[in-house]
Each structure stands twice: as structure tokens, then as C-alpha cells.
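Each remark here refers to the structure printed beneath this line.
Only this structure's heavy atoms are used, side chains among them; waters, hydrogens and symmetry mates stay out.
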Amino acid sequence: MAAARVVACLLAAVMCLSCGAAAAARSPEARMHRHLKRLNKPAVKSIESPDGDIIDCVHISHQPAFDHPFLKNHTIQMRPSYHPEGLYDESKANVASSGDGERPMVQLWHRNGRCAPGTVPVRRTKKDDLMRASSMRRYGRKHKPTVANPMSVDLAMLNEGGHQHAISYVQGEKYYGAKATINVWEPKIEQPNEFSLSQLWILGGSFGEDLNSIEAGWQVSPDLYGDNNTRLFTYWTSDAYQATGCYNMLCSGFVQINNEVAMGASIFPISGYSGSQYDISILIWKDPKEGHWWMQFGKEYVLGYWPSFLFSYLADSASMIEWGGEVVNSQAEGVHTSTQMGSGHFPEEGFGKASYFKNIQVVDSTNNLKAPHGMGTFTEQSNCYDVQNGNNADWGSYFYYGGPGRSANCQ
């Protein structure tokens with residue numbers, strides 16, 4: 001009997017330990033650890049940026065894209081088959097150079113190092129990043145559809161604290177890409193859950209649950225990044241932001257080939273009011289041979305591609321292109337946010353003071369860049385944020401946009 005009691009006690013102890021281990025594995029801390037391990041791939045080298053970011057140099061074949069089941073046996077396409085500006089210069093695929101042999105600094109982390117060829121720079125996700133999110137599952141994803149629909153203004157969204165835009169757009173043709181040069185600012189954000197961005201949208205489908213979107217530009221988002229730095233970003237979705245897609249490389253999808261530029265990292269330097277103006281150029285186009293959507297940053301950096309299988313409508317072409325600014329107006333305390341769009345100044349202030357998009361082009365069915373035809377403008381509340389189109393010999397198609405948000409005329 002005594003021996004039986006000992007055995008029973010031992011079994012109870014083992015079961016207790018098992019239950020404890022299982023409970024620990026289910027704990028929020030353990031789930032967070034597993035999620036961070038999924039997001040942060042093993043690094044060949046890590047670089048600490050002056051702004052506190054950690055940039056991990058990850059082997060190109062180990063990047064987050066390859067968590068996607070459709071990419072398990074994917075052969076990385078190291079350069080696009082076609083380039084819309086003419087013959088593709090292979091020497092520019094991964095390394096940029098200026099006339100004096102020095103590589104230009106375009107992101108803050110470059111001050112402290114670079115990633116070697118054969119690796120890609122990935123901004124490390126930290127525990128604090130996940131803790132700021134509404135849930136770990138939603139981290140890196142938008143919470144609701146945020147694309148401006150120029151055909152419909154939902155006034156209820158404005159009253160409930162929705163997203164507001166000041167954009168130019170084209171529609172009515174089949175589009176195979178878009179390009180623009182954007183000056184970079186550091187707009188002030190009122191609430192941590194608000195953001196301000198300037199980007200281009202490549203859109204396919206309707207504005208319902210089937211919307212396909214590829215997006216790229218710069219943003220300030222305290223909720224996503226934990227600071228007020230201006231950062232390069234991308235986003236994609238194939239179901240109107242419901243279950244697919246994410247910012248940057250926070251899910252599987254985008255395949256990066258470039259070892260110089262990190263998605264989500266701070267851009268440096270930025271423009272100053274009545275001071276020096278600093279631009280970034282973004283080109284996104286569909287490779288007519290492989291069907292992937294490629295992204296180029298500046299003249300030097302071909303960053304990578306979104307595989308065509310990620311999309312339904314965009315597997316063929318885009319039906320609308322948008323360029324411009326977006327903010328979140330959470331209407332804290334019942335008044336309009338003072339979160340700035342662009343420089344925080346209205347378009348009429350002009351160069352050196354207002355934000356702009358210039359050299360705006362679309363890619364047509366013959367894979368050529370051309371000026372957009374019939375550009376329209378759209379903003380929900382022009383007394384808060386506005387947009388003004390223009391055209392001249394130096395800038396081609398362009399517009400100024402932005403504003404301060406809350407003011408005497410914007411309540």
C-alpha cells in the first residue's frame with residue numbers, strides 16, 4: 001500500500017509538472033516569445049542604428065517571405081526581366097554608387113554599418129512593439145480599409161474618427177505601375193494611435209472586400225514603430241486589409257533582393273521648412289514576363305518584388321493609381337486631430353514649405369512610363385488637408401498637398 005501511494009504521488013507530481021509546463025507554454029509571455037521568434041530570423045550580422053533600431057542582416061533565403069507555403073520551393077528572381085525605363089542595368093540591382101565612389105546615405109542605420117551581399121536588412125521586432133499592438137495577431141496590419149475612394153465620401157467615417165486623405169488619382173485604364181518623387185518630412189502626430197503618411201497606391205478590384213492594394217512611401221507611426229521618426233514603408237493586401245498582407249516584412253509575401261535598404265527603417269535626412277528639401281523616388285511596376293510587382297527606391301536600389309500569386313485583380317493589372325497623403329483623425333475629445341499631413345502646411349505655400357509629389361508617371365501596357373492622363377484630386381475636408389495639381393517642364397505632372405489638421409477652419 002505504501003508503495004502504491006508513493007507511485008500515485010509520483011504520477012500526480014508528473015501530471016502537475018506537465019500541466020504547469022502546458023500552462024507556461026500557453027502564457028502570454030510564451031506566445032509573445034514564439035511570435036518574436038517567427039518574425040525575427042537568425043542574423044548573419046546585426047547593426048544598431050542611432051535611433052535604437054536593430055537591423056538584422058538575414059541570409060536572403062531565410063527572410064520572412066519564405067514562411068509563405070507557396071514560396072517553399074521558390075527560386076528567387078535576382079533581377080526583373082524588364083524595366084520600364086528601358087534596358088535594365090544589372091549593376092544597379094544591389095549596390096548604389098555616386099560619382100566619388102561613396103555610397104549615399106539614405107537611412108539612419110547606414111551610419112553604423114551595412115549588410116553584406118547575399119543578405120537582406122530586416123528591422124528587428126521587439127517585445128515593446130508587440131505590446132503596443134491591439135493584439136499580436138494584428139501587429140503589422142492595418143485595422144480597417146484606409147484607401148481613399150474618390151467616388152464616395154463616407155461622412156460617418158469622418159464623424160467616427162476615420163482616415164483622411166489629400167490625393168491625386170487616375171482611373172479608367174489598365175495600369176502596370178506608377179512612379180513619383182516625394183519630398184520627405186516629419187509631421188507631428190497628436191495621438192500615439194494616429195499616423196501620417198505619404199505614399200502611392202496600386203489598386204485593383206472594387207472598394208469592397210475584394211480590394212487588392214500595393215502601397216509604398218514614407219510614414220510616421222508611433223503605434224507601429226514606437227517613435228516619431230519618418231520611415232520608409234510598404235504595405236500589401238489582397239482582401240481589403242482583412243486577413244492578408246502587412247507592413248514591410250512583418251508577414252510572408254514581399255521578396256527582398258537588396259542588401260542596402262531596410263523596410264521600416266528611418267529615412268535620413270528629411271526636409272526643413274524654408275530649408276533644404278530632400279526627396280525619395282519610388283517606382284512600382286509589373287514584370288510582364290514573370291508577372292511579379294517590383295519596387296525600386298531611388299535610381300539605385302531595386303528592392304524586390306511581390307509575387308503575382310499573392311493577388312487576384314493585380315495578377316493582371318491595376319485599375320486605379322493614387323498618390324498623396326493620409327492621416328488618422330481619431331477625434332480625441334470630440335475635436336479634429338492636429339496631426340499634420342506632409343509638412344503640416346497647405347499646398348498654396350509652395351516649394352520649400354508644402355509637401356509635393358513630382359515627376360508623376362504611370363506604366364502602360366507596353367511597359368513604358370508616361371504622364372498620367374486625366375488626373376483628379378480628392379480630399380474629405382479641404383479646410384483640414386488640401387491638394388492642388390500642376391504641370392510644368394521641370395516637374396512634369398505634380399501636386400502640392402497637406403495641411404495642419406485642427407485649426408480655426410478645421411474643427
Side-chain angles (χ1 to χ4, degrees), residues 49 53 55 78-80 82-111 113-115 117 119-123 177-186 197-202 214-219 229-235 248-249 254-271 276-287 292-306 321 323-324 342 355-363 369 394-398:
S49 174
D53 278 0
I55 304 299
M78 291 307 297
R79 63 189 186 98
Y82 296 92
H83 193 281
E85 291 180 308
L87 290 175
Y88 179 71
D89 185 351
E90 187 173 356
S91 66
K92 292 183 177 181
N94 287 305
V95 180
S97 63
S98 56
D100 59 4
E102 290 296 320
R103 289 178 293 182
M105 183 184 296
V106 295
Q107 292 190 304
L108 199 56
W109 66 275
H110 289 165
R111 284 183 173 177
R114 303 272 180 156
C115 288
T119 68
V120 295
V122 181
R123 180 181 181 269
K179 183 181 180 183
T181 299
I182 321 165
N183 62 341
V184 182
W185 297 85
E186 191 176 81
L197 59 76
S198 297
Q199 69 171 60
L200 56 85
W201 290 259
I202 311 284
I214 294 174
E215 307 166 22
W218 60 259
Q219 70 179 163
N229 291 355
T230 304
R231 296 169 177 274
L232 174 70
F233 83 97
T234 62
Y235 201 95
N248 307 321
M249 298 175 77
F254 183 81
V255 179
Q256 183 150 338
I257 63 166
N258 182 277
N259 64 302
E260 300 271 354
V261 175
M263 302 294 196
S266 299
I267 299 171
F268 179 84
I270 58 171
S271 303
S276 298
Q277 300 300 295
Y278 295 97
D279 298 334
I280 60 170
S281 292
I282 291 175
L283 166 64
I284 295 175
W285 80 99
K286 187 176 179 63
D287 184 330
H292 306 322
W293 286 89
W294 284 82
M295 177 177 172
Q296 179 170 312
F297 180 71
K299 293 180 180 179
E300 296 87 4
Y301 305 100
V302 176
L303 299 188
Y305 57 93
W306 291 269
I321 308 291
W323 302 262
S355 298
Y356 58 75
F357 280 63
K358 65 179 184 178
N359 301 322
I360 297 169
Q361 295 175 294
V362 295
V363 180
L369 284 159
D394 292 332
W395 283 17
S397 295
Y398 72 89

| task | Could you tell me the separation between the CZ atom of Phe233 and the CD atom of Gln219, rounded to the nearest 0.5 Å? | result | 5.0 Å

| query | Do Tyr356 and Ile182 come within less than 4.5 Å of each other through their side chains, counting heavy atoms only? | reply | no

| query | Can you name the residues that form a side chain to side chain donor-acceptor pair (under 3.5 Å) with Gln256, not counting sequence neighbours? | reply | none

| remark: d(Tyr82 OH, Asp287 CG) to nearest 0.5 Å is 8.0 Å

| About how many Å separate CD1 of Ile282 and CD of Glu215, when rounded to the nearest 0.5 Å? | 11.5 Å

| Partner set under side chain to side chain contact (heavy atoms under 4.5 Å, CB included) for Asn359, not counting sequence neighbours | Thr181

| said: According to side chain to side chain contact (heavy atoms under 4.5 Å, CB included), who are the partners of Ala178, at least two apart in sequence or on a separate chain? | reply: Ile202, Ile321, Trp323

| query | Are the side chains of Met295 and Trp306 in touch, meaning some heavy atoms are under 4.5 Å apart? | reply | yes

| field | Residue pair Ile267 / Ile280, side-chain heavy-atom distance below 4.5 Å | value | yes

| message | Going by the rule side chain to side chain contact (heavy atoms under 4.5 Å, CB included), which residues pair with Tyr398 if we only count those two or more places apart in sequence or in a different chain? | response | Lys358, Asn392, Trp395, Tyr400

| field | Within-4.5 Å side-chain heavy-atom neighbours: Val184 and Asp279 | value | no

| task | Determine the minimum heavy-atom distance between Ala180 and Phe357, stating which atoms define it. | result | CB-CD2, 3.8 Å

| said: According to side chain to side chain donor-acceptor pair (under 3.5 Å), who are the partners of Arg231, at least two apart in sequence or on a separate chain? | reply: Asp53, Asp227

| Okay, side chain of Gln296, backbone of Gly298: is any donor-acceptor separation there less than 3.5 Å? | yes

| message | How long is the straight-line distance from OG of Ser266 back to CG of Asn229, given to the nearest 0.5 Å? | response | 3.5 Å

| request: Taking the side chain as every heavy atom from C-beta outward, state whether Ile214 and Ile284 have any atom pair closer than 4.5 Å. | output: yes

| message | Do Ile55 and Val122 have side chains that approach each other closer than 4.5 Å (heavy atoms only, starting at C-beta)? | response | no

| Contact check, side chains of Pro80 and Val302, non-hydrogen atoms, under 4.5 Å | yes

| field | Set of residues satisfying side chain to side chain contact (heavy atoms under 4.5 Å, CB included) with respect to Leu369, sequence neighbours excluded | value | Pro84, Glu85, Lys179, Leu283, Gln361, Val363

| query | Do Asn248 and Tyr235 have side-chain atoms, one donor and one acceptor, less than 3.5 Å apart? | reply | no

| query | So which heavy atom on Ser355 is nearest to which on Asn183, and how close? | reply | CA-OD1, 3.5 Å

| Please walk me through it: do Arg114 and Asn259 pass side-chain contact (heavy atoms from CB on, under 4.5 Å)? | CA-CA 8 Å; Arg114 303 272 180 156; Asn259 64 302; over 6 Å; no

| message | I'd like to know whether Ile270 forms a side-chain contact (heavy atoms from CB on, under 4.5 Å) with Trp218, so could you lay out the CA-CA distance, the side-chain angles of the two residues, the decisive distance to 0.1 Å, and finally the verdict. | response | CA-CA 11 Å; Ile270 58 171; Trp218 60 259; over 6 Å; no

| field | Partners passing ring-ring contact (aromatic ring centres under 6.0 Å, His included) against Tyr278 (at least two apart in sequence or in another chain) | value | none

| How would you list, by chain and number, every residue that makes a side chain to side chain donor-acceptor pair (under 3.5 Å) with Glu186, sequence neighbours excluded? | none

| Under the side chain to side chain donor-acceptor pair (under 3.5 Å) test, residues paired with Thr119 that sit two or more places apart | none

| query | Got a sec, which residues hit ring-ring contact (aromatic ring centres under 6.0 Å, His included) with Tyr305, two or more places apart in sequence or on another chain? | reply | His74, His292, Trp294

| note | Note: Trp109 and Ala262 closest approach over all heavy atoms is NE1-CB, 3.8 Å

| With side chains defined as the heavy atoms from C-beta onward, is the minimum distance between Cys115 and Val120 less than 4.5 Å? | no

| Just by distance, with hydrogens left out, do Glu260 and His110 show a side-chain donor and acceptor under 3.5 Å apart? | no

